[in-house]
K.L.:
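Attaching a single structure in structure tokens format; questions to follow.
For ligands, and for the atoms within them, numbers begin at 1 and follow the listed sequence. Predicted model only: the values in this text are computed from it and were never measured. Atom set for the values below is all heavy atoms of this structure, side chains included, hydrogens, waters and symmetry mates excluded.
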Amino acid sequence: MKYFSEITDFYKQNKPSELLEQFGSPLYVYNEDILRQRARQIKSLVDMPNFEVSYSIKANSNLHILKILKEEGLYADAMSDGEIFILEKAGYEKDDIFFVCNNVSAEEMRYAVDRGIMVSVDSLSQLDLYGRNFPKSKVSVRLNPGIGAGHHQKVVTGGKTTKFGINLEKIEDIFDISRKYNLKITGINQHIGSLFMSSTEYLRGVNELLQTALFFKDLEFIDFGGGFGIPYKKQEGQQPLELVQFGQDLKYILSQWQSENKRDIIFRCEPGRFVVAESSILLGKVYAKKNNYNKIFIGTDLGFSVLIRPAMYGSHHDIEVYRKNKLVKNKPFESVNITGNICESGDILVEERELPVINEEDIIGVMDAGAYGYSMSSNYNNRMRPAEVLIKSNGSVQLIRKRDTFEDLIKGF
Ligand code: LLP
């Protein structure tokens, strides 16, 4: 069995229990080295001067993390005016940001347009709305190539059953609307879905979009979307996405297209999860253990208000158990359900998994929690969202977001 915290020296000289004592439980703990490594890996995916990476900040939009990723040279994609706002606070400039929105008002589009940020619209009606409000300007359109991929039906965004993008058969309508308002379509983009572990579907989507690109005469960039997976089952030996071959294949396709078509274009990808997921372990405490009709329940403070992925998608996260600051690896093992403190039976973090026997006062570490962890957390049941801390490259620990307070719960009243 592989233990992530050991392989990576995740905690450096810091101890899980000391971190919880100092910052409260539960706690998102990030490791700066891992974050920077992943940013560098994806940035060097394709060795071409016109290949860029935009980090999709919906995965994690902590201000400090955004600043580190900017230092690493990543651009960003935003999904809402709020994401644009936070990106600006983190120092991103208009040309660093791509607004890939879905079903927004003219006012929200204006928030981006006023700042000179490129907008991608994802339906004919949104294109018309954009044209009515911002005639004679540049815009990007999100296409749906009919290809989808992803770890759960809820996160497959391309294909014939999803709400995203404009079907390829509607291209003539796109041109009609853009002529009507004198719009210049300078970008096309797509995102087939989240979390693929083999590059096949992504590359198929790339080929499809490149073919479609030939119909667009004013293109300045093509964005192929994100979805790059990470191995959530490392303890079972799951291997990472094979990036070297993937990058070479992508480079081959892009350079062929470029030389055949003699077009000067920026190519982009838009990963979220890959950049941040593995940089964080979520820590929580065990407060109860019970046996209900032969099911063992481990009761923790890791409810779905803190991490919703398992409850929402049935997602797997590897678990580590710490006792007196030591990783518990030894037998005996038992099959357990790890639950949180939310008043719903669906509040399950882990279902029937063989883990070393867990006792009250043990600490639970949830691996690979950096993507869609904090960013999907909530105040459900009036629970405080946890603090986030960063273990820096020199081993020191920085509080990068305070834990909510009771005051935060009433600040809107
Ligand atoms: N670009 C667009 C337009 C997207 O909609 C997304 C994710 C991404 C990029 C980044 O995808 P990534 O590289 O992170 O897979 N909450 C789910 C994932 C939802 C993804 C939504 N869109 C989860 O926890 O698995």
K.L.:
For atom 14 (O) of ligand 1, tell me which residue out of F274, F98, Y372 has the closest non-hydrogen atom.
P.N.:
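Going through F274, F98, Y372 one by one, Y372 has the nearest heavy atom to atom 14 (O) of ligand 1.
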K.L.:
Any non-hydrogen atom of M79 lying under 4.0 Å from ligand 1?
P.N.:
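No heavy atom of M79 comes that close to ligand 1.
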K.L.:
Please report whether the ring centroid of H317 lies less than 6.0 Å from that of Y232.
P.N.:
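Yes, close enough.
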K.L.:
Could a heavy atom of A59 be found less than 4.0 Å from some atom of ligand 1?
P.N.:
no
K.L.:
Could you tell me whether R142 approaches ligand 1 through its side chain, its backbone, both or neither, with non-hydrogen atoms closer than 4.0 Å?
P.N.:
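For R142, only side-chain atoms sit under 4.0 Å from ligand 1.
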K.L.:
Of the protein's non-hydrogen atoms, which lies at the shortest distance from atom 6 (C) of ligand 1, and what is that distance?
P.N.:
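Answer for atom 6 (C) of ligand 1: H191 NE2, 3.2 Å.
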K.L.:
May I ask you to identify the nearest protein heavy atom to atom 15 (O) of ligand 1, giving residue, atom name and distance to one decimal place in Å?
P.N.:
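That would be S194 OG, 2.4 Å.
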K.L.:
Heavy-atom distance to atom 21 (C) of ligand 1: which of K58, E270, M312 wins?
P.N.:
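The option holding the nearest heavy atom is K58.
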K.L.:
Is it true that the NZ or CZ of R115 lies under 6.0 Å from the centre of Y111's six-membered ring and within 45 degrees of the ring axis?
P.N.:
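Yes, R115 and Y111 form such a contact.
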K.L.:
Any atom of ligand 1 sitting under 4.0 Å from a heavy atom of P271?
P.N.:
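True for this residue.
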K.L.:
Measure centre to centre between the rings of F51 and F267, then say whether the value is under 6.0 Å.
P.N.:
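Ring-ring flag for F51/F267: false, centres at least 6.0 Å apart.
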K.L.:
Backbone N or O of I265 within a donor-acceptor pair of the N50 side chain at under 3.5 Å?
P.N.:
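The answer is yes, because a donor-acceptor pair under 3.5 Å joins these two groups.
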K.L.:
Using modelled atom types and a 3.5 Å cut-off, is there a donor and acceptor pairing between side-chain atoms of D96 and backbone atoms of Y75?
P.N.:
no
K.L.:
Looking at Y92, is K70 sitting on its ring face, NZ or CZ under 6.0 Å from the six-membered ring centre and within 45 degrees of the normal?
P.N.:
yes
K.L.:
For Y380 and F304, take the angle between the two ring planes, folded into 0 to 90°, and tell me which bin it lands in: parallel under 30, tilted 30 to 60, perpendicular over 60.
P.N.:
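Correct class here is parallel.
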K.L.:
With the threshold set at under 4.0 angstrom, would you say Y313 reaches ligand 1 through any of its heavy atoms?
P.N.:
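Yes, Y313 has a heavy atom closer than 4.0 Å to ligand 1.
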K.L.:
Between R273 and ligand 1, which residue portion shows a heavy-atom distance shorter than 4.0 Å: side chain, backbone, both, or neither?
P.N.:
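Contact part for R273 vs ligand 1: both backbone and side chain.
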K.L.:
Below 3.5 angstrom, do we get any N/O pair linking G272 and ligand 1?
P.N.:
yes
K.L.:
Are R268 and F98 in a cation-pi contact, defined as NZ or CZ under 6.0 Å from the six-membered ring centre and within 45° of the axis?
P.N.:
yes
